[in-house]
Amino acid sequence: MYTNESTKYAHTTDMAQKNRVLVVEDEELIREMLVLALEGEGYEVNIATDGRLAVEQLQGFDTNNNEATFDLVILDLMLPQINGLDICRLVRHQGNPVPILMLSAKGSETDRVLGLEVGADDYLSKPFSMRELVARCRALLRRQRLITTTEPPVLNYKEITLYPQECRVLVRGGEVNLSPKEFRLLELFMSYTRRVWSREQLLDQVWGPDFVGDSKTVDVHIRWLREKLEQEPSRPEYIVTVRGFGYRFG
């Protein structure tokens, strides 16, 4: 049975920030109770009654500025048009970090694990109390604020911009595809511009102290990076060779 216990509690500072919540639920009674409980806690609530409408509302995520349309999504698993698992996959594929609380009448361990593996942050089995749901919403929003305030800053140098959280790099306004090792090399270089790194130091920082192999793998990755970053790779502007010492960025 669903109980609206949350409305008995006074608003706290944590809830007073007018967070925007998207409720995706096709069962009218549950949807109305969710809206009532969340609005009673001070949240701004939008609703979607099927998966297609949910996707339309979630399309507002700005990947360039990492700005989400919503602060939290409460997502039912079984929906008309598009199910909750596919919506969750799509949201994560787009790089949208919005916290997702998945709801389902399926309470098996397999279903819970599947929901979490496709990108949900929490899972609540029906029936549930509104008091527990609101508590989980608060926890997810607190966690998201902590991540947002501690995320690494965007790195900029001349015509290169690196987004650490998104693993994205823009060069002269266009996005370039880097391998994980190339990305970590560039992130290290851009975090310490003008510093000279030896091959051994780069191997230790990027490949790890347990790496076993030829140090020339650094040279290979530097060459690949130059081909993606430099206008003239043979005359590098960004990754410069310092003979007898190693490499310097800038």
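Positions are given from 1 along the sequence. Atom set for the values below is all heavy atoms of this structure, side chains included, hydrogens, waters and symmetry mates excluded. For clarity, every value in this text was computed on a predicted model and none was experimentally measured.
- E187 has its side chain within reach of L155: a pair of non-hydrogen atoms, C-beta onward, lies under 4.5 Å apart.
- T193 and M190 get closest at one heavy-atom pair: CG2-O, 3.7 Å.
- The shortest side-chain heavy-atom distance between D71 and Y43 does not fall under the 4.5 Å cut-off.
- Between W207 and H221, the angle of the ring planes goes over 60°, which puts this pair in the perpendicular group of the 30/60° scheme.
- Between Q57 and A48, the shortest heavy-atom distance links the atoms NE2-CB, 3.9 Å.
- Nearest heavy atom pair, residue G246 against residue V196, reads N-CG1, 4.3 Å.
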**OP:** Output, in order, the C-alpha distance, side-chain angles, deciding distance and verdict of salt bridge (Lys or Arg N to Asp or Glu O under 4.0 Å) for E132 and R136.
**Re:** CA-CA 6 Å; E132 179 181 5; R136 288 175 183 255; 2.8 Å; yes
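- Looking at heavy atoms from C-beta onward, F189 lies out of side-chain contact with Y157 at the 4.5 angstrom threshold.
- For R199, the side chain to side chain donor-acceptor pair (under 3.5 Å) partners are D219, not counting sequence neighbours.
- Grouping the Ile, Leu, Val, Met, Phe, Trp and Tyr side chains by contacts below 4.5 angstrom, directly or via other members, places I239 with F183.
- Judged by distance alone, with hydrogens and angles left aside, the side-chain atoms of D121 form a donor-acceptor pair with the main-chain N or O of I100 at under 3.5 Å.
- In this structure the side chain of Y247 never reaches within 4.5 angstrom of the side chain of V240, judged on heavy atoms.
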Compile the donor-acceptor pairs under 3.5 Å between side chains in residues 79-90 and protein atoms, sequence neighbours left out, one pair per line.
| residue | atom | partner | partner atom | Å |
| --- | --- | --- | --- | --- |
| N83 | OD1 | L85 | N | 3.0 |
| N83 | OD1 | D86 | N | 2.8 |
| D86 | OD1 | R89 | NH1 | 2.8 |

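- Scanning all heavy atoms of the two residues, the minimum distance from K126 to F128 falls at CG-CE2, 3.8 Å.
- Not a single donor-acceptor pair under 3.5 Å links the side chain of E230 to the backbone N or O of R235.
- Atom CG of D214 is separated from atom CG of L203 by 9.0 Å, given to the nearest 0.5 angstrom.
- Within the 4.5 Å cutoff, the side chain of L75 has no heavy atoms near those of the V91 side chain.
- For R20 (side chain) and N46 (main-chain N/O), no donor-acceptor pair under 3.5 Å exists by modelled atom type.
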**OP:** List the steps and the verdict of salt bridge (Lys or Arg N to Asp or Glu O under 4.0 Å) for D76 and R31.
**Re:** CA-CA 10 Å; D76 189 32; R31 187 173 64 247; over 6 Å; no
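- Between L101 and P99, the closest side-chain pair of non-hydrogen atoms is not below 4.5 Å.
- R184 places a side-chain N or O within donor-acceptor distance of the main-chain N or O of Q205, the cut-off being under 3.5 Å.
- Atom CD of E227 has more than 12 neighbouring heavy atoms from other residues, nucleotides or ligands inside a 6.0 Å radius.
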**OP:** Could you go through the side-chain contact (heavy atoms from CB on, under 4.5 Å) check for K228 and V171 one step at a time?
**Re:** CA-CA 8 Å; K228 296 176 180 181; V171 180; over 6 Å; no
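- Each of V206 and V220 belongs to its own hydrophobic cluster when Ile, Leu, Val, Met, Phe, Trp and Tyr are linked at side-chain heavy-atom distances under 4.5 angstrom.
- Annotation: side chain of L186 is in contact with side chain of F249 (closest heavy-atom distance under 4.5 Å).
- In this structure, the side chains of L72 and N19 stay at 4.5 Å or more apart for every pair of heavy atoms.
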